Amino acid sequence: MPELPEVEIARRNLQRWLAGARIAAVERVDQARFEGDPQSLLGHVCFGWERRGKVLLGRFSGGVGVLSHLGMTGKWVRDDGGRRAHVRVRLTTDGGPRVALVDVRRFGRTWVGNVDALQRLAQWTRLGPDALMGALDGPLLASRVGPRKTPLKRRLLDQSVVAGLGNIAVVEVCWRASVHPHAPCTDIAPAAWVRLAAAIRAHLDFVLEVEDGDEITYLGERAASNPFVVYGRARQPCPRCAEALVGESLSGRPSVWCPSCQPS
DNA sequence: TACATTGTTCCGTC
DNA sequence: CGACGGAACAATGT
């Protein structure tokens, strides 16, 4: 699923493919899940792409912008002209490659319009500090989460607390930091917050490195491999202590943890 | 066919 | 009233 690293890779790709290029044609293949008219990009030059959490923002000449949330299965790909299912919109540039938004489940959403207006949307403004932000250390993370009894997992999944972590990231981060995903936030010691902040950085850097490229195969797609340390590996031995990993739904989402390294 | 899957939001409870 | 947490919602492949 597209979480922060996958969205960051999409940002780099869009930057490389589109920055400096003029949009020569917009082909909207599907009506659903768009707000604003993609045709308003026509004739405009792409200045660049930024990212906050899992949200992409493209800036174009004339004050036009694109806000893109990939949802569960969305991805931006280079369109080589071959047949491809689930294309929602296709952008043709003068000089650069053609680029397409592909989204099987259609949980992704795309807004096109005045870039200042897009930046005032809740989807952009409600986001907490980006999880890749250098200053995200233990104390800052603890203060963002706040003194709640709520399970850690639920708070880390809240994009207004820290932006960019999804279910997979939270499972991986909790394992790396040796903290139970359902630990009440008020029970987490300062040293554990430091480990959690470091684990967020380590996990994101790891996934960025492993998945960097023109197109990511999401877990669950055909021919997908699992690059994660514990996610999707219930009942397998813990890589740290060899105890069998436990898989169970926590906060309504599939979780994996080690009952020995991450005691509740 | 029913279900799994996600981020987000709603709503009931304490 | 704020904190909390279960559940609904979107859409579609298996």
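The model shown is predicted, which means the values in this text are computed figures rather than measured ones. So that the names make sense, note that chain A is the first sequence line, chain B the second, and so on, each numbered from 1.
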Between A:Arg148 and A:His86, which has a closest nucleotide on DNA chain C that is more 5'?
A:Arg148
Kindly indicate whether the side chain of A:Leu91, heavy atoms from C-beta on, has any atom under 4.5 Å from the side chain of A:Trp76.
yes
Give the dot-bracket string for DNA chain C, reading 5' to 3', where a pair is Watson-Crick or G-U wobble with both distances under 3.5 Å, ( ) marks pairs inside the strand, [ ] marks pairs crossing earlier ones, | marks a partner on another strand, and . marks unpaired.
.|||||||||||||
Tell me whether A:Val104 shares a hydrophobic cluster with A:Leu101, the cluster being built from Ile, Leu, Val, Met, Phe, Trp, Tyr side chains joined at under 4.5 Å.
no
About how many Å separate CG of A:Leu18 and CZ of A:Arg59, when rounded to the nearest 0.5 Å?
15.5 Å
Can you pull out every salt bridge (Lys or Arg N to Asp or Glu O under 4.0 Å) where at least one residue sits in residues 152-162 of chain A? Sequence neighbours excluded, please.
A:Arg155-A:Asp158
For a quick check under 3.5 Å, do A:Trp111 and A:Glu35 share a side-chain donor-acceptor pair by atom type?
yes
Rounded to whole angstroms, how far apart are CZ on A:Arg88 and C1' on C:dA10?
13 Å
Is it possible for you to say whether A:Val7 and A:Val162 belong to one hydrophobic cluster, with membership spreading through side-chain heavy-atom contacts below 4.5 Å?
yes
Tell me which donor-acceptor pairs under 3.5 Å the side chains of residues 196-212 of chain A have, and how far apart each pair is, sequence neighbours excluded?
unit_1	atom_1	unit_2	atom_2	d
A:Arg201	NH2	A:Leu132	O	2.6
A:Arg201	NH2	A:Met133	O	3.2

May I have the distance from A:Asp187 (atom CG) to C:dC4 (atom C1'), rounded to whole angstrom?
15 Å
Taking everything shown except A:Arg12 itself, do over 12 heavy atoms lie less than 6.0 Å from its CZ?
yes
Considering heavy-atom distances to DNA chain C, does A:Asp103 or A:His182 have its closest nucleotide positioned more toward the 5' end?
A:His182
Polar atoms only, N or O, under 3.5 Å: list the protein pairs with nucleotides 4-7 of chain B and their distances.
unit_1	atom_1	unit_2	atom_2	d
B:dT6	OP1	A:Tyr231	OH	3.4
B:dG7	OP1	A:Lys54	NZ	3.0
B:dG7	N7	A:Arg253	NH2	2.5
B:dG7	O6	A:Arg253	NH2	2.5

Nucleotide C:dG13, atom P - distance to OH of A:Tyr218 in whole Å:
17 Å
Considering only heavy atoms from C-beta outward, does the side chain of A:Arg84 approach that of A:Val77 to under 4.5 Å?
yes
Below 30° counts as parallel, above 60° as perpendicular, anything between as tilted: where do the rings of A:His180 and A:His182 land?
tilted
Write down the protein N/O and nucleotide N/O pairs, taken from nucleotides 12-14 of chain B, whose separation is under 3.5 Å; answer none if there are no such pairs.
none

Just so I know, are the side chains of A:Gln123 and A:Leu67 near enough to count as touching, which here means a heavy-atom distance under 4.5 Å?
yes
Cation-pi check for A:Trp175 against A:Arg240: NZ or CZ below 6.0 Å from the six-membered ring centre and within 45 degrees of the axis, yes or no?
yes
Quick one, A:Leu57 and A:Trp124 - any side-chain contact, counting heavy atoms below 4.5 Å?
yes
Can you tabulate the close N/O pairs, meaning under 3.5 Å, that link protein atoms to atoms of nucleotides 9-11 of chain B?
unit_1	atom_1	unit_2	atom_2	d
B:dT9	OP1	A:Arg126	NH1	3.1
B:dT9	OP2	A:Arg126	NH1	3.4

